[in-house]
Amino acid sequence: MNAKQLLQTILLIKTVGVFSLVNIQTKKFGLSGHIDWRVNSKREKVKEMMKFAWKGYAENAWGFNELNSELGVPHNESVFGSHHIGLSIIDSLDTLFIMGLKEEYEQGRKWVADNFTLDNIDDYLSVYELTVRIAGGLLSMYAMTGDDVYITQSEYVIRKLLPAFNSSMHIPHARINPAAKKAAPHPWTPESLLGEIASLNMEFYYTSEITGHRKYRPIVHHVRDQLDMLFKPRDMYPDYIHPRTALWGPLKMSMGPKGGGGLYEGMLKSWLRSNQLDDQARDLYMKAIHQVINSMVGLSFGGLTYVGELSNFHVIRRMEHSTCFAGGLIALGSQAFYNDSRLEAKHLQLGKDLALSCRESYRRSATGLGPESFQFDSVPREDATARESDSKAYRLRPDVVETYLILWRLTHDQKYRDWGWEVVEALEKYCRTKFGFAGLQNVYDPKGPRDGVQGSHFLSETLKFLYLLFSKDSLLPLKKWVFNTAGHPLPVRYINNKFRGSQLKPYVHFSI
Ligand SMILES: *[C@@H]1O[C@H](CO)[C@@H](O)[C@H](O)[C@H]1NC(C)=O
Ligand SMILES: *[C@@H]1O[C@H](CO)[C@@H](O)[C@H](O)[C@H]1NC(C)=O
Ligand SMILES: *[C@@H]1O[C@H](CO)[C@@H](O)[C@H](O)[C@H]1NC(C)=O
Ligand SMILES: *[C@@H]1O[C@H](CO)[C@@H](O)[C@H](O)[C@H]1NC(C)=O
């Protein structure tokens, strides 16, 4: 650490210290909610975290997918294994770009231009992860910069995915082998996950729009038509569906992003990105979310709202950390009910109630970070806490701060920024390691071990959402950009921009 960095660190510690005082003062005088003097230094703090996390990855795991931030070596056990797909690079680009981290961004762009390839990978990779993270990340960069490298590389990825859609029932397979050009299911189930196959809409549509190649769009449109047409048990969508037969798997339903929740997210966001013209997507969202509210949402004895899971139509009063994205989703989806102000208000309120429950899962842990999964089925004081030891981990997941960001943008209620800042402080205290950031094995044990993993989603989502939470609404305004399921923003499509092919210019240029 040189003298300048040291000085910056001291200043930062000071501002953070002073800030807590200001907070107490303003609360005392009833001013909180209107004043957030320190919002710039909070945003800078998040930017510093990104810079640090990127540095750890770039120096110790470059080209690999993720970093083991305790050992300072590549982490090979998640999504794309030890293949050189550069997941953390591609996932990070838009975050680096909006933060104005120019050097880091250029380093990543160069790798995408010179080194990114799937050609020699003779292994089965997740269609969902390739679409939402790799294609999504590249498409997002194209939208922001208009740089041709990104259009070339994202169309290349989309082409590699096509064998997954070779199914007579229009239900995609879960994995593809890029070298063998073959598809396969996940190793643990013959069915495809509903959320995984139904959230591919925006990336394929946008690829058609910017390349002028219309063929990508119908491929995913058929998936939606098929799901819309199928008989559904009690009008609800189960989490699993077989690609060859289009028969539903076990009668299990959830709001998780890879289960039903992913379908509703895909449809709502398709509607929003279509400039609210895609009526089929809106109808599907409205009907489905109505059923979710009727059958899966409940109130615990302690007064907390949850969205549970259904197993054979029996409600399990439990939420996953990843299901917490539903708070933001349902709040955002209140717009779909624009013709009925009562329903619109009801959905916004439900989004807020779910955000509160998810925040409780953080507040009720000793580290201030929430567990992987938490229940609402016993005594009130145990609401929103994890019981089994394997549910107590925290994996640097973005879903709760994503919901804070959406609600902040929709309501400008100061508490969402305050809750987000609590997360920043807890991350600094418990998750910062020598080489970056890592998850925790037990959120209830402040002295417990970390898990060593700096998941790529931390860079693409968690830190991006936190940065935006402390930025002006004009940075990626929700009326002009829609975040895909992996946090990569894609631009809303305006009517006069229909299929003009590759000469179509991106909508917004940021300058860094
Ligand atoms: C992942 O694989 C790389 C290269 O094979 C190796 O250097 C690294 O130590 C592995 N990571 C872990 C955590 O074992
Ligand atoms: C990336 O590609 C360039 C040019 O082909 C090559 O010189 C370099 O070694 C590659 N870097 C990595 C990390 O593979
Ligand atoms: C599609 O699947 C069929 C049957 O599984 C196979 O024979 C055919 O070669 C596949 N086509 C492509 C383009 O992968
Ligand atoms: C609002 O629109 C939906 C879908 O188009 C329709 O089913 C519903 O009846 C409308 N509600 C009102 C109050 O007009």
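Read the numbers this way: they start at 1 and go in the same order the structure lists the ligands and their atoms.
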For each nitrogen or oxygen atom of ligand 1, which protein N/O atoms lie closer than 3.5 Å, and how far apart are they, rounded to 0.1 Å?
| unit_1 | atom_1 | unit_2 | atom_2 | d |
| --- | --- | --- | --- | --- |
| ligand 1 | 2 (O) | Asn76 | OD1 | 3.3 |
| ligand 1 | 2 (O) | Asn76 | ND2 | 2.4 |
| ligand 1 | 11 (N) | Pro74 | O | 2.7 |
| ligand 1 | 11 (N) | Asn76 | ND2 | 3.0 |

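Phe483 has its ring centre no less than 6.0 Å from the ring centre of His488. Trp408 has its ring centre no less than 6.0 Å from the ring centre of Trp421. In summary, the aromatic rings of Phe204 and Phe165 are positioned with their centroids under 6.0 Å apart.
Of all the heavy atoms in Arg364 and Asp383, the pair that sits closest is NH1-O, 3.1 Å. Shown here for Gly259 and Ser254, the closest heavy-atom pair between the two residues is CA-OG, 4.0 Å.
Atom NZ of Lys252 is surrounded by more than 12 heavy atoms from other residues, nucleotides or ligands within 6.0 Å.
When each atom of ligand 2 is checked for a heavy atom of Asn115 under 4.0 Å away, the hits are 1 (C), 2 (O), 3 (C), 8 (C), 10 (C), 11 (N), 12 (C), 14 (O).
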